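Bear in mind that the values here come from a model prediction, so they are computed numbers and not experimental data. FYI, side chains are in, hydrogens and waters are out, and symmetry mates aren't considered; it's all heavy atoms of this structure.
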Amino acid sequence: MTPRRLVAPLAVALLLVTAGCAGGVSDLGETGSNEAGVQDGTNDVGAQNGTNAADASTVGVGATGEVTAEPDRALVGVGVEATADDPETARQRVAENVSDLRDALADIGLDDDQVTTERYAIREDRESRREGGDATAYRATHSFELSVEDVDEVGTVIQTAVANGATDVGRVEFTLSEEARADLREEALADAMDNARADAEVLATNANLTLAGVDSVSTDAVDVRPYRAEADMAATNADTEIESGPVSVTAQVRVTYEADEEA
């Protein structure tokens with residue numbers, strides 16, 4: 001499934017200004033903070049680089065770009081639990097339930113590599129200890145992450161899991177495949193660069209400067225924000241209702257532009 005892309009420009013965070021040919025860029029502050037300024041190069045900097053002070057002027061900005069798209073993958077957390085009077089029996093029971101779960105998921109198209117163990121534990125059951133009885137119960141837990149490539153089938157996957165051994169459904173997260181992330185990363189970076197240029201031009205104009213070439217550019221890690229939903233499991237024999245939403249990808253860039261004084 002090819003995600004539908006919707007480019008949504010964010011307000012650009014103008015975070016920094018550099019001076020001279022040093023080309024350095026201060027660290028970005030918290031997302032959404034705003035700081036701005038423009039400085040001319042000093043005579044010392046100009047002398048070091050063989051240019052005059054005006055040629056050494058720079059404008060530095062930090063900008064954010066965002067792209068949203070419909071998810072093309074879902075991650076579902078499910079767990080299988082079993083209790084017994086001894087740990088070995090608890091282990092055997094949870095293993096049987098897990099085997100039934102895996103078989104049922106395979107029947108609806110989930111391969112083994114789409115069913116990943118997240119946690120496995122066998123421990124004394126705290127409730128049995130609090131009751132003060134002589135017998136101690138043991139609880140075995142096996143938790144999985146299910147990777148669902150068809151987001152329209154999330155409800156079916158959850159119903160199948162619950163009907164075949166799963167005793168708990170945790171997070172339901174709508175996200176993007178690696179291919180979609182790569183494409184949207186490029187779009188978010190391009191959007192951030194457009195925003196950086198637009199705001200640098202505003203700063204330069206108000207400082208009686210004209211932007212020239214790019215002196216330096218860098219980016220931080222691109223952030224993917226999945227859409228998290230909850231499964232309505234009022235009855236296992238009823239349709240499981242899942243509501244999905246768009247996934248956002250944001251990117252931050254730092255750009256330093258060379259600038260000349262206006263004639």
Side-chain angles (χ1 to χ4, degrees), residues 1-13 28 30-33 62-80 101 104-106 108-119 142-164 166-195 219-236 238-253:
M1 177 186 299
T2 302
R4 174 164 55 85
R5 293 151 172 92
L6 303 171
V7 177
L10 292 182
V12 176
L28 284 171
E30 294 182 2
T31 302
S33 62
T64 300
E66 179 179 30
V67 178
T68 61
E70 294 301 317
D72 66 348
R73 176 166 296 177
L75 302 176
V76 180
V78 300
V80 180
L101 173 64
L105 293 175
I108 62 172
L110 265 68
D111 299 330
D112 287 343
D113 59 355
Q114 294 176 263
V115 183
T116 307
T117 294
E118 286 193 316
R119 182 174 180 271
H142 199 160
S143 301
F144 297 91
E145 179 183 80
L146 311 181
S147 178
V148 185
E149 296 179 356
D150 185 352
V151 296
D152 293 332
E153 294 299 317
V154 170
T156 299
V157 170
I158 292 175
Q159 282 182 263
T160 301
V162 172
N164 291 275
T167 56
D168 176 68
V169 177
R171 63 188 176 91
V172 180
E173 186 175 285
F174 291 91
T175 185
L176 300 170
S177 63
E178 291 301 322
E179 296 81 3
R181 288 184 183 215
D183 291 343
L184 292 172
R185 179 181 186 275
E186 293 182 4
E187 293 186 24
L189 285 170
D191 188 43
M193 287 296 292
D194 288 343
N195 291 336
T219 181
D220 292 328
V222 176
D223 182 33
V224 178
R225 297 179 182 177
Y227 180 88
R228 292 179 172 84
E230 294 184 0
D232 180 8
M233 294 175 52
T236 58
D239 290 338
T240 302
E241 298 294 333
I242 301 293
E243 182 178 343
S244 67
V247 179
S248 66
V249 180
T250 58
Q252 291 183 329
V253 296

#### Entry: From CA spacing to verdict: side-chain contact (heavy atoms from CB on, under 4.5 Å), Val154, Phe174
CA-CA 10 Å; Val154 170; Phe174 291 91; 3.9 Å; yes
#### Entry: Which atom of Arg225 lies closest to which atom of Val247, heavy atoms considered
O-CG1, 3.3 Å
#### Entry: More than 12 heavy atoms from other groups under 6.0 Å of CD on Glu118
yes
#### Entry: pair Val222-Thr250: side-chain heavy atoms closer than 4.5 Å
no
### Arg171 side chain reached by Glu145 side chain, heavy atoms, under 4.5 Å
yes
### Query
Heavy-atom count around Asp112 CG within 6.0 Å, excluding the residue itself: above 12?
no
### Task
Could you check if a side-chain atom of Asp223 sits within less than 4.5 angstrom of a side-chain atom of Val249, using non-hydrogen atoms only?
no
### Query
Is there side-chain contact between Phe144 and Thr116, with at least one heavy-atom pair below 4.5 Å?
no
### Message
Tell me if the CZ atom of Arg185 is crowded by more than 12 foreign heavy atoms within 6.0 Å.
### Response
no
### Message
Is there a side-chain contact between Pro71 and Thr175 in this structure, where contact means two heavy atoms from C-beta onward sitting under 4.5 Å apart?
### Response
no
### Message
Against Leu146, only a single residue in Thr160, Leu101, Leu105 fulfils side-chain contact (heavy atoms from CB on, under 4.5 Å); can you say which?
### Response
Leu105
### Query
Between Asp168 and Gly79, is there a donor-acceptor pair closer than 3.5 Å when you use the side chain of the first and the backbone of the second?
no
